[in-house]
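Report on one structure; see the data block that follows.
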Amino acid sequence: MQQLTLDRVTKHYGSKIACDRISLVLHQGVYGLLGANGAGKTTLMRMMCGVLTPTSGSIAYDGMDVSREDYRDALGYQPQEFGYYPEFSAMDFMLYIAALKGIPKPRAKEKAWELLELVSLEKESKKKIKTFSGGMKQRLGVAQSMLNDPKILILDEPTAGLDPKERIRFRNLISRLGADRIVLLSTHIVSDVEHIADTILVMKDGQLIHNGSLEEIIRTIEGKVWECVVQQEAADVLCEKYPVINLRQENQNIFLRLICEKKPCDSAVNAQAALEDLYLYYFSGVSGQ
Ligand SMILES: Nc1ncnc2c1ncn2[C@@H]1O[C@H](COP(=O)(O)OP(=O)(O)OP(=O)(O)O)[C@@H](O)[C@H]1O
Ligand SMILES: [Mg+2]
């Protein structure tokens, strides 16, 4: 079985530690990499693509170091900042990338069509990229990353700028692609990975603080989500002290949902933990991790 193995992968930029001893094994399936701005997601992904060299540690695909030239044949990558050549049509862009990847011309054309169909852009194949919506560009980004039929697909924030309809379409596409390869996608948006990722990885300040299924990760915050009904004055105090997920006012009463290690006030009762709570817990400083 194919396997991508990271062993204590570390990256320093001067005194800044962008990735800190990350060890991880990826098999076939979809992995969602969650983390706030600056958590180290792009740095980690670029190292996994072999385009950035770790300061220390190693990354290997089936025993082959990812710095090797032939690893590129197994890899598809959609960078976070992606030049889309606005004057190119979708098809011209696909053929251009295919040429860069060394795919022979007749094969390239056939493959480009197949992929534009897969991402539902076949009708737009002749349109200039500058006329595309954000979602169309993202789908084109996935299509180009698939040109060499990669066994590993790394997508850096592929859902940025998508509207809800495009988001759903995109998720379905990723689920299909994950059936027979390793897919790793990064995002800030918890709900992007909720339905498609088999495994959720959470990064914070360069460290991998979670690696598990959604259920496993949610279990870690059980007992820390609270709901209470209070008056304005008490609400102000609670809002100041704790991350508040939801606030609703009815007459003089204020309904609060918040995150706290211990019972925050007398009227608080434990609530069922959900995904949104999870993100707030890990990225608002409550967890102390
Ligand atoms: N080339 C660089 N030189 C110096 N510092 C860098 C460089 N690239 C990234 N960093 C720093 O390393 C940390 C991790 O950055 P990275 O881009 O990997 O985070 P990220 O999780 O992808 O963030 P975002 O969600 O904003 O894309 C940040 O503090 C960033 O400022
Ligand atoms: Mg990034």
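Note that ligands are numbered from 1 as they come in the structure, with each ligand's atoms numbered from 1 the same way. When reading the values below, keep in mind they use all heavy atoms of this one structure, side chains included, and skip hydrogens, waters and symmetry mates.
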Do any of the N, O or S atoms of Gln80 sit under 2.8 Å from the Mg ion (ligand 2)?
yes
Based purely on interatomic distance, does Gly40 place a nitrogen or oxygen under 3.5 Å from a nitrogen or oxygen of ligand 1?
yes
Kindly confirm or rule out an N or O of Gly38 lying under 3.5 angstrom from an N or O of ligand 1.
yes
Does a sphere of radius 6.0 Å around NZ in Lys109 hold more than 12 heavy atoms from other residues, nucleotides or ligands, not counting ones at 6.0 Å or beyond?
no
Using a strict cut-off of less than 4.0 Å between a Lys/Arg side-chain nitrogen and an Asp/Glu carboxylate oxygen, indicate whether Asp149 and Arg181 qualify as a salt bridge.
yes
Between Glu261 and Tyr281, does any side-chain donor sit less than 3.5 Å from a side-chain acceptor?
yes
I'd like to know if Met45 contacts ligand 1, where contact means a heavy-atom distance under 4.0 Å to any ligand atom.
no
Does this structure show an ion pair linking Arg219 with Glu216, if we count only N-O contacts that are shorter than 4.0 Å?
no
If the threshold is 4.0 Å, N to carboxylate O, is there a salt bridge linking Glu124 and Lys126?
no
Counting heavy atoms only, which of Thr187, Leu33, Thr43 is nearest atom 16 (P) of ligand 1?
Thr43
Arg107 bridged to Glu110 by N-O distance under 4.0 Å
yes
List the closest protein heavy-atom neighbour of atom 29 (O) of ligand 1: residue, atom name, distance to the nearest 0.1 Å.
Lys16 CE, 3.1 Å
Does some non-hydrogen atom of the protein lie less than 4.0 angstrom from atom 27 (O) of ligand 1?
yes
With heavy atoms only and a cut-off of under 4.0 Å, state how Ala36 meets ligand 1: side chain, backbone, both or neither.
backbone
Would you check if the Mg ion (ligand 2) lies under 2.8 Å from any N, O or S atom of Ser186?
no
So for atom CG, which belongs to Asp266, do other residues, nucleotides or ligands contribute more than 12 heavy atoms lying within a distance under 6.0 Å?
no
Verify the contact flag for atom 6 (C) of ligand 1, where contact means a protein heavy atom under 4.0 Å away.
yes
